[in-house]
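Working notes, beginning with the structure itself.
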Amino acid sequence: MIPNWLVAGRYMDPKDLVPHLFEELRPGFHEKAKPGDVIVAGRNFGMGPKMNGYIAMQALGLGLLTESMPFLGYRAALGCGLRVLDRCPGVLDLVEDGDEVEVDFSTGAFANRSRGTGRTFEPVPEALRDLVELGGTSGFLRRWREANQPKDTSGRQTAAAAHR
């Protein structure tokens, strides 16, 4: 998904990661990908430390469908705010490279417009949808902090709340 030197170097900024997304498989992938495109992958996608790749995918506005992926990879993808369905058995048989597909991550509805076929997979659990919509863990925590930060009597947020 992303070269190991970026993982080992702990690069996390999307501007550093995006140009290298899938570069070993498809040089120039990041230039062709458009927001709303969907990556379709097989079993055990994202084995090992791949958070950097999920950051790049989210920054490009991509979605991800996999036949399966390890729990820690799924958790990392959601934590980055990546739209992902991780239990889509047989999904590779439903698409070919370049097919026009439509995915509703909240219902699990999948349609291949190029073939005129469809199927429903297990959707993103309702409890996690808000996390993805807010852009992952950092967006979720930002909203929580704003909602729970005490206000002084004038209605302004207090600086002391940042130290709690």
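Heavy-atom basis, side chains included; hydrogens, waters and symmetry copies ignored.
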Student check: side-chain heavy atoms of [X] and [Y] closer than 4.5 Å:
X	Y	answer
Val84	Tyr54	no
Glu67	Val40	no
Leu21	Leu60	yes
Thr137	Arg142	no

[atom1]/[X] to [atom2]/[Y] distance, rounded to the nearest 0.5 angstrom?
X	Y	atom1	atom2	value
Asp99	Glu102	CG	CD	13.5 Å
Leu65	Ile39	CG	CD1	10.5 Å
Ile55	Ile2	CD1	CD1	9.0 Å
Leu64	Leu78	CG	CG	10.0 Å
Arg143	Leu131	CZ	CG	9.5 Å

Mark yes or no for whether [X], through its side chain, and [Y], through its backbone, hold a donor-acceptor pair below 3.5 Å.
X	Y	value
Asp104	Phe110	no
Thr66	Gly42	no
Asn112	Leu94	yes
Arg129	Val124	yes
Asp37	Lys34	yes

For [X] and [Y], which heavy atoms make the closest approach, and how far apart are they?
X	Y	value
Ser106	Pro123	O-CB, 3.3 Å
Thr107	Thr120	O-CG2, 3.8 Å
Leu17	Tyr11	CD2-O, 3.6 Å
Gly108	Leu85	CA-CD1, 4.1 Å
Glu23	Pro3	OE2-CG, 3.1 Å
Phe121	Cys88	CD2-CA, 3.4 Å

Residue pairs passing the ring pair (Phe, Tyr, Trp, His ring centres under 6.0 Å) test where at least one lies in residues 16-40, sequence neighbours excluded: Trp5-His20, Phe22-Phe29
Hydrophobic cluster (4.5 angstrom, side-chain heavy atoms) - remaining members for Leu72: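 Joined to Leu72, directly or through intermediates: Phe71.
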For the pair Met1 and Met57, evaluate side chain to side chain contact (heavy atoms under 4.5 Å, CB included) and give the outcome as yes or no after the intermediate values. CA-CA 9 Å; Met1 188 175 2; Met57 291 172 72; 3.8 Å; yes
For atom CD of Glu133, is the number of surrounding heavy atoms from other residues, nucleotides or ligands below 6.0 Å larger than 12? no
Is the number of heavy atoms from other residues, nucleotides or ligands within 6.0 Å of CZ (Arg115) greater than 12?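 Check passes, neighbour count above 12.
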Start with the C-alpha gap between Leu62 and Arg83, add the side-chain angles, then the distance that decides, and say whether side chain to side chain contact (heavy atoms under 4.5 Å, CB included) holds. CA-CA 7 Å; Leu62 305 179; Arg83 298 169 304 132; 5.6 Å; no
Joint hydrophobic cluster, Met12 plus Leu6, side-chain heavy atoms closer than 4.5 Å: yes
Regarding Glu122 and Arg87, does a basic nitrogen lie under 4.0 Å from an acidic carboxylate oxygen?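 Yes, Glu122 and Arg87 are salt-bridged.
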Between Arg75 and Asp86, is the closest basic N to carboxylate O distance under 4.0 Å? no
